[in-house]
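Counting starts at 1 for both ligands and their atoms, following the listed order.
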Amino acid sequence: MLKRIDLSRNYQNHKEEYMQAIERVCEETAFSGGKFADKFDEEFAAYIGVKAASGVDNGTSALQLAMLALGIGEGDEVIVPANTYIASAWGPTYTGATPVFVDCTADTWEIDPEKIEEKITNRTKAIIGVHLYGQPFDFGRVKEIADRHGLYIVEDCAQSHRAKYEGEMTGSLGDLGCFSFYPGKNLYAFGEAGSVVSNNIDYIDAIDTWKNQGCKVRYYHDVVGYNMRMEGIQGAVLSVSLKYLEEWTKRRQEIGWKYIREIKNPCITMQAHPENTEPVFHLFVVTVPEAENFLEYMAQNDIECHRHYPVPCHLQKAYAHLGYQKGACPNAEYLAEHCVTLPLFPEMTEEETQKVIEACNAYHADF
Ligand SMILES: *Cc1c(COP(=O)(O)O)cnc(C)c1O
């Protein structure tokens, strides 16, 4: 069975280098925060092209801390796309704010700038834009709206490491960028990790304090803080992987563009990739008339597929109290019902890529 993603191949390819990096952390016992986590912060900020980064324990914390840095809390509203992983909405929810869900476009499947303005009230403080599946959202249009209404923009870059919008790295565009390094993301830790990046040093300073139990100086707690530091081992592993991110991204792009060129089946619809963006194909999502039927068909062909995501945020039980009804975000709902994710990861062989293409092309939906 070809897996949708196989992390063991990368581990086997670079095992020695990873193990040496982990060993150094152990020898120096720099386990929580510390020099290896700090070193990665510097490397990652330089890589993204921002002034500073603050490594944290996961991407969800990154989003929560970004909300805190902007002073977003009780009574505030934050615009979030309906088509995203749920954690995009947890950030504002954890700080007491309300996520306000906006539909995606019918072709890019990213937040629809046309539908943002009608959701803005005098409580709206920020827009969380998600570069979903590794495809940058229309930052230019979103920025225009944000500027007109005095709103902050937080980029959720959990799926868009090294993706570019008009030549600039995602994460460097908005007020803050939030990254996840969950295993399986384009850049990932051997465990849980995340990062908040910004060109505003004050935000990153504040986040450095919050994530560290509210201290700048040990045992002197300036604010009610959290334990959200990055682990040293994760920092060391990420420093190794960061060196390969360009190579891995190029390989993802090769496979992604090959799928786009060679999968020719009227039953299969693909995401649009506007020319001013450089997607990094975190997830290769397509829509088909009958998702479950297609999943079964692919499994019969020894190809594992998944569904990202079967329920849009506004219809999740966790947000039932917000009162959204079916039909509130029709494009996101269509996607949730029809989406299927094809295998795509840097270590996929030509043969495997070809196998996915052939299976897709031979598929006939019974509808
Ligand atoms: C993975 C992901 C997150 C959460 O990151 P974790 O590290 O798993 O907490 C947030 N937003 C999006 C879009 C994601 O894909």
Side-chain angles (χ1 to χ4, degrees), residues 4-5 7 37 40 44 53-68 78-95 99 101-102 104 108-111 126-137 139 142 153-163 170-171 174 176-197 207 211 226-231 233-235 237-238 241 252 271 279-285 306-314 316 318-319 332 335-336 339 341 344-345:
R4 191 193 64 77
I5 179 170
L7 301 185
F40 176 71
F44 193 60
S54 184
V56 294
D57 57 345
N58 58 62
T60 308
S61 298
L63 286 155
Q64 181 181 351
L65 290 165
M67 293 295 109
L68 281 174
V78 177
I79 303 280
V80 181
N83 177 39
T84 182
Y85 182 59
I86 193 73
S88 305
W90 290 156
T93 303
Y94 291 165
T95 65
F101 295 109
V102 169
C104 57
T108 66
W109 306 341
E110 305 294 327
I111 191 165
I127 300 168
I128 297 182
V130 185
H131 305 293
L132 198 70
Y133 312 138
Q135 170 58 51
F137 66 85
F139 184 82
V142 171
I153 300 179
V154 173
E155 298 174 72
D156 181 338
C157 304
Q159 305 191 357
S160 71
H161 316 74
R162 218 181 187 286
T170 59
L176 294 132
C178 299
F179 288 84
S180 163
F181 306 121
Y182 178 79
K185 307 285 185 180
N186 289 23
L187 176 67
Y188 63 91
F190 287 4
E192 305 274 348
S195 183
V196 189
V197 305
I207 288 170
K211 78 176 181 191
Y226 302 87
N227 179 356
M228 292 180 172
R229 291 175 296 255
M230 180 185 274
E231 294 184 342
I233 285 178
Q234 308 311 340
V237 164
L238 285 162
S241 292
R252 281 180 180 276
Q271 188 181 21
V280 292
F281 300 102
H282 171 59
L283 297 172
F284 199 93
V285 175
H306 281 194
R307 305 197 61 229
H308 298 89
Y309 297 93
V311 182
C313 295
H314 67 292
Q316 293 286 353
Y319 285 124
L335 260 164
C339 64
T341 310
L344 198 163
F345 54 96

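Close to ligand 1: Lys185, with a non-hydrogen atom less than 4.0 angstrom away. Residue Gly194 places every heavy atom at 4.0 Å or more from ligand 1.
Within ligand 1, the atoms closer than 4.0 Å to a non-hydrogen atom of Tyr85 are 2 (C), 3 (C), 12 (C), 13 (C), 14 (C), 15 (O), numbered from 1 in the order shown. Near Thr84, meaning under 4.0 Å from one of its heavy atoms, ligand 1 places the atoms 13 (C). Every atom of ligand 1 with a heavy atom of Ser88 under 4.0 Å away is listed here by number and element: 11 (N), 13 (C).
The nearest heavy-atom contact from the protein to atom 13 (C) of ligand 1 is Asp156 OD2, 3.4 Å.
Under a cut-off of 6.0 angstrom, the local environment of OH in Tyr319 is crowded, with over 12 non-hydrogen atoms contributed by other residues, nucleotides or ligands.
Taking the side chain to side chain donor-acceptor pair (under 3.5 Å) definition, one finds that His131 meets it with Glu155, sequence neighbours left out.
When the heavy-atom distances from atom 4 (C) of ligand 1 to Ile86, Ile128, Thr60 are ranked, the shortest goes to Thr60.
Between Tyr133 and Trp109, the two ring planes are perpendicular [angle over 60°; tilted spans 30° to 60°].
Residue contacts with ligand 1: Val130 is placed with no nitrogen or oxygen under 3.5 Å of a nitrogen or oxygen of the ligand (distance criterion only).
The NE2 atom of His282 lies 9.5 Å from the OG atom of Ser160; values are rounded to the nearest 0.5 Å.
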